[in-house]
2 protein chains.
Amino acid sequence: MSDLLERLRGRGWRLTAQRRVVAEVLDGDHVHYTADEVHALATERLPEISRATVYNTLGELVTLGEVIEVSTDGRAKRYDPNAHHAHQHLVCARCGTIRDVHPSGDPLADLPSKERYGFAISAVEVTYRGLCPDCAG
Amino acid sequence: MSDLLERLRGRGWRLTAQRRVVAEVLDGDHVHYTADEVHALATERLPEISRATVYNTLGELVTLGEVIEVSTDGRAKRYDPNAHHAHQHLVCARCGTIRDVHPSGDPLADLPSKERYGFAISAVEVTYRGLCPDCAG
DNA sequence: TCTTACATTGGACATTGTCTAAGTCAAGAA
DNA sequence: TTCTTGACTTAGACAATGTCCAATGTAAGA
């Protein structure tokens with residue numbers, strides 16, 4: 001993740017303790033946290049960090065393309081630090097856990113141009129839904 | 001849409017003016033409204049209908065499988081009345097408009113079992129994102 | 001070290017959705 | 001038709017998530 005911090009500094013990011021902590025939290029496990037979870041984990045390392053800063057920083061990381069914003073249900077968005085490898089998501093319909101998966105094939109090729117209605121398509125997301133082994137119990 | 005009302009009555013639904021109005025709004029155009037938009041349109045026909053009833057009714061229609069709930073961004077969920085034909089969504093990244101599209105191929109076949117992590121997969125959603133002709137300006 | 005533009009903070013506010021207690025009514029029974 | 005009853009609706013409080021702003025703090029270059 002020091003890679004990430006270097007990249008960001010190279011893009012003119014001012015390196016503050018708060019931004020460093022948010023970046024470290026995202027780098028930890030390969031889990032997709034909500035903003036509130038990121039805030040809770042960041043608070044453990046930097047107790048005075050504010051909610052607004054966490055939201056700001058996450059938004060900046062998304063804008064810079066370092067993190068992907070995922071909204072799989074109507075609840076809180078989740079932040080996916082695995083932005084540099086193409087992948088899709090497998091979501092548990094009960095507990096909301098997300099796993100990264102790597103389907104074969106290119107879904108974009110499956111959409112004929114007459115079905116594109118003049119849109120300039122820039123991304124395709126595939127979400128697989130079901131019950132995880134724990135919730136299927 | 002009287003089809004829909006008949007089906008619902010057959011399932012023991014009590015047919016109220018409020019539910020009828022919500023169903024009519026969804027039946028109108030093939031647009032994917034938010035709950036608030038449904039409420040606004042329903043209010044034109046039945047001024048005293050409450051927000052809670054609109055939310056309740058939409059939730060019931062989703063549970064009954066008559067309408068699909070779509071959350072393409074972190075904003076309000078949208079309700080898709082086209083539940084009886086398999087389709088996917090094309091979303092404008094700027095204005096949020098949704099169009100139904102019909103890709104060829106079966107995305108579920110593209111996910112090898114070793115990438116399923118023991119999940120019992122029950123649905124696959126594909127979302128194409130890009131700028132619509134109006135927003136591409 | 002000094003300066004200053006950029007970052008952070010706390011809290012108010014906005015949006016979307018959920019819940020509850022009290023009143024209302026659709027639909028079957030008599 | 002009228003009555004009865006349990007399901008439905010309502011208004012508003014509340015909850016969850018996210019955004020905005022003015023005041024304050026600070027990283028980094030001069």
Side-chain angles (χ1 to χ4, degrees), chain A residues 5-25 32-43 45-64 66-79 95-96 98, chain B residues 5-25 32-43 45-64 67-80 95-96 98:
Chain A
L5 292 179
E6 283 313 311
R7 277 202 301 279
L8 295 174
R9 199 204 306 262
R11 298 213 221 173
W13 239 41
R14 189 129 110 193
L15 202 41
T16 67
Q18 291 84 351
R19 286 173 167 180
R20 200 189 322 264
V21 165
V22 169
E24 283 172 7
V25 166
H32 301 58
Y33 293 122
T34 64
D36 248 24
E37 288 166 349
V38 172
H39 181 228
L41 291 166
T43 298
R45 309 191 194 199
L46 188 65
E48 67 275 23
I49 192 173
S50 76
R51 241 166 41 94
T53 295
V54 171
Y55 276 97
N56 287 343
T57 304
L58 289 172
E60 288 155 6
L61 288 170
V62 169
T63 299
L64 291 171
E66 296 290 348
V67 165
I68 293 172
E69 199 175 61
V70 185
S71 32
T72 56
D73 51 8
R75 316 284 307 170
K77 293 174 193 165
R78 288 172 180 274
Y79 293 88
C95 68
I98 300 180
Chain B
L5 291 178
E6 283 312 312
R7 278 202 300 279
L8 295 173
R9 198 205 303 266
R11 299 212 218 177
W13 242 40
R14 191 184 249 172
L15 203 40
T16 66
Q18 291 84 351
R19 286 173 168 179
R20 200 187 322 262
V21 165
V22 169
E24 283 171 8
V25 166
H32 302 60
Y33 293 121
T34 64
D36 248 24
E37 288 166 349
V38 172
H39 181 228
L41 292 166
T43 298
R45 310 191 194 197
L46 188 65
E48 67 276 22
I49 191 172
S50 76
R51 240 166 41 95
T53 295
V54 171
Y55 276 98
N56 287 342
T57 305
L58 289 172
E60 288 154 6
L61 289 170
V62 169
T63 299
L64 291 171
V67 165
I68 294 173
E69 198 174 63
V70 186
S71 30
T72 55
D73 52 7
R75 316 282 308 170
K77 294 173 193 165
R78 289 174 180 274
Y79 293 87
D80 178 351
C95 67
I98 300 180

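Throughout, a chain's letter reflects where its sequence line sits, starting with A, and its residues are numbered from 1. These numbers come from the heavy atoms of this one structure, side chains and all, not from hydrogens, waters or symmetry mates.
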Upstream residue (5' side of DNA chain D) when Arg14(B) and Glu48(B) are each assigned their closest nucleotide: Arg14(B)

Does a side-chain heavy-atom distance below 4.5 Å link Ile49(B) with Val22(B)? yes

Hey, which of these two, Asn56(B) or Ala76(B), hits DNA chain C nearer its 5' end, going by closest nucleotide? Ala76(B)

Round to a whole Å and report the spacing from CZ of Arg9(B) to C1' of dG28(C). 13 Å

From dA28(D), dT16(C), dG18(D), nucleotide with atom closest to Tyr55(B) side chain: dT16(C)

Which part of the nucleic acid, if any, lies within reach of Thr16(B) when heavy atoms closer than 4.0 Å are counted: base, sugar-phosphate only, or nothing? sugar-phosphate

Look at all strands and tell whether Arg51(B) reaches a base, only sugar-phosphate, or nothing, counting heavy atoms closer than 4.0 Å. base

NA contact type, Ala52(A), heavy-atom cut-off 4.0 Å: base, sugar-phosphate, or nothing? base

Salt bridge (Lys or Arg N to Asp or Glu O under 4.0 Å) for Glu66(A) and Arg11(A)? Distances and angles first, verdict last. CA-CA 12 Å; Glu66(A) 296 290 348; Arg11(A) 298 213 221 173; 3.3 Å; yes

Contact check, side chains of Thr57(B) and Trp13(B), non-hydrogen atoms, under 4.5 Å: yes

Any donor-acceptor pair under 3.5 Å from Arg19(B) side chain to Arg14(B) backbone: yes

Phosphate OP1/OP2 of dT9(D): any Arg19(B) side-chain N/O under 4.0 Å: yes

Between atom CD in Glu37(B) and atom P in dT15(C), what is the gap in whole Å? 14 Å

Length of the line joining Leu58(B):CG and dT18(C):C1', which is rounded to integer Å: 14 Å

Which value, rounded to the nearest 0.5 Å, describes the distance between Arg78(B) atom CZ and Glu69(B) atom CD? 13.0 Å

Nearest-Å distance for atom pair NZ/C1', residues Lys77(B) and dT16(C): 9 Å

Can you work out whether Gln18(B) or Leu15(A) has the more 5'-proximal nearest nucleotide on DNA chain D? Gln18(B)

Measure from the side chain of Ser50(B), starting at C-beta and using heavy atoms only, and say which of dT10(D), dT16(C), dT9(C) lies closest. dT10(D)

Nucleotide dC25(C), atom P - distance to CZ of Arg20(B) in whole Å: 15 Å

Grab the CZ-C1' distance between Arg78(A) and dG18(D) for me, whole Å please. 16 Å

When rounded to whole Å, the CD1 to C1' distance for the pair Ile49(B) and dT9(D) reads 9 Å

Measure from NE2 on His39(B) to P on dT9(D) and round the result to the nearest Å. 13 Å

